[in-house]
Amino acid sequence: QVQLVESGGGLVQTGGSLRLSCAASGRTVSSYAMGWFRQAPGEEREFVAAISRSGSTYYADSVQGRFNASRDNAKNTVYLQMNRLKPEETAVYYCAARGRTYGSISYVYTSSNDYDYWGQGTQVTVSS
C-alpha cells in the first residue's frame, strides 16, 4: 500500500507556472504506474498526465507541450510541472497510484478507474 500527499498548489496568474509534488510513503513510486488528474467544481475528474512504471509519460491533449510529469525515485516523489496555465485549468489536482501490477511496465493509464490509491488533492487557481 502507498500513501500519497500532494503539495505545491496555489494561486497563479494566467500564463504562470506551478510545480505540484506528490510525495509517496510505503513502497517506492517506481513500483507504480502514476497519474495526475484534476477536478473542477461540478465537473468530473479529468485525466491530465501519466507516468508508467518504466518512466514513460503521456499527456492529455489539452496540456501536451505545457505540462511535464516526472519522477524522482530517490525522493519517492512525482512532480507535475505546469506552464502557461489557463483560468479554465482551475481545479483540485490529484495524484494517483495504480496498485495492480499486471500489464507491461510501459503502460500508462488514463482512466481514474485504473488507479487504486489517491492523494487528498491540492487546489490550483488560475486568475484571469
Side-chain angles (χ1 to χ4, degrees):
Q1 196 165 357
V2 63
Q3 291 78 44
L4 304 172
V5 178
E6 300 97 333
S7 61
L11 175 64
V12 64
Q13 291 184 335
T14 297
S17 299
L18 283 174
R19 188 178 79 156
L20 305 183
S21 300
C22 174
S25 60
R27 289 172 59 188
T28 176
V29 291
S30 60
S31 300
Y32 299 94
M34 301 293 295
W36 285 97
F37 291 77
R38 62 190 178 193
Q39 188 167 20
E43 302 290 332
E44 292 187 356
R45 194 164 294 188
E46 174 189 29
F47 168 75
V48 177
I51 305 176
S52 73
R53 284 187 285 153
S54 67
S56 56
T57 55
Y58 182 79
Y59 302 92
D61 288 345
S62 60
V63 307
Q64 179 73 45
R66 298 186 297 118
F67 288 17
N68 182 65
S70 61
R71 185 177 71 196
D72 186 330
N73 293 335
K75 294 184 178 181
N76 217 28
T77 300
V78 294
Y79 302 97
L80 184 67
Q81 175 68 43
M82 305 185 296
N83 301 318
R84 304 198 305 277
L85 282 159
K86 306 173 182 180
E88 55 266 36
E89 295 179 312
T90 293
V92 177
Y93 283 69
Y94 298 90
C95 72
R98 176 178 168 86
R100 290 156 274 175
T101 57
Y102 55 83
S104 168
I105 61 171
S106 297
Y107 283 178
V108 292
Y109 300 89
T110 62
S111 169
S112 59
N113 293 328
D114 291 324
Y115 292 89
D116 304 297
Y117 306 105
W118 293 83
Q120 83 289 350
T122 185
Q123 176 71 47
V124 172
T125 303
V126 185
S127 63
S128 56

Heavy-atom pair of closest approach, residues Ser56 and Ser106: OG-O, 3.5 Å
Path from Val92 to Val124 over hydrophobic side-chain contacts below 4.5 Å: no
Closest heavy-atom pair and its distance - Gly26, Asn76: O-ND2, 4.4 Å
Flag, side chain of Asp72 to backbone of Thr77, donor-acceptor distance under 3.5 Å: no
Donor-acceptor contact present, side-chain Glu89 to main-chain Val126, <3.5 Å: no
Check: Gln120 side chain, Val5 main-chain N or O, donor-acceptor pair, under 3.5 Å: no
Distance, nearest 0.5 Å, that separates OG of Ser21 from NZ of Lys75: 8.5 Å
Inter-residue atom distance Ser112.OG - Phe47.CZ, 0.5 Å rounding: 11.5 Å
Pairwise distance CZ(Arg19) to CD(Gln81) - rounded to 0.5 angstrom: 7.0 Å
Tyr58 side chain to Tyr107 backbone, donor-acceptor under 3.5 Å: no
Verify same cluster id: Val108, Phe37 (apolar side-chain graph, 4.5 Å): yes
Tyr109 and Tyr115 aromatic ring geometry - parallel, tilted or perpendicular at 30°/60° bounds: perpendicular
Shortest non-hydrogen separation from Ile51 to Arg71 and the atoms involved: CG2-NH1, 4.1 Å
Atom pair OG (Ser111) and CZ (Arg45), whose distance is rounded to the nearest 0.5 Å: 11.5 Å
Verify same cluster id: Tyr117, Leu80 (apolar side-chain graph, 4.5 Å): yes
Any donor-acceptor pair under 3.5 Å from Arg27 side chain to Tyr32 backbone: no
Asn68 side, atom CG; Asn83 side, atom CG - distance, nearest 0.5 Å: 8.5 Å
Shared hydrophobic cluster for Tyr94 and Val2 (ILVMFWY, side-chain gaps under 4.5 Å): no
For the student: nearest non-hydrogen atoms of Ser127 and Leu11, plus distance: CB-CD1, 4.2 Å
Non-hydrogen atoms of Gly9 and Thr122 that approach each other most closely: N-OG1, 3.1 Å
Ala33 backbone acceptor or donor facing Arg98 side chain under 3.5 Å: no
Whether Glu6 side chain and Gly121 backbone form a donor-acceptor pair below 3.5 Å: yes
Nearest non-hydrogen partners of Gln123 and Thr90, listed with the distance: NE2-CG2, 3.9 Å
Audit row: Met82, Val63, side-chain contact (heavy atoms from CB on, under 4.5 Å) steps and yes/no: CA-CA 8 Å; Met82 305 185 296; Val63 307; over 6 Å; no
Common cluster, Tyr93/Met34, ILVMFWY with side-chain heavy-atom separation under 4.5 Å: yes
Atom pair CG/CH2 of Leu20 and Trp36 - distance to nearest 0.5 Å: 5.0 Å
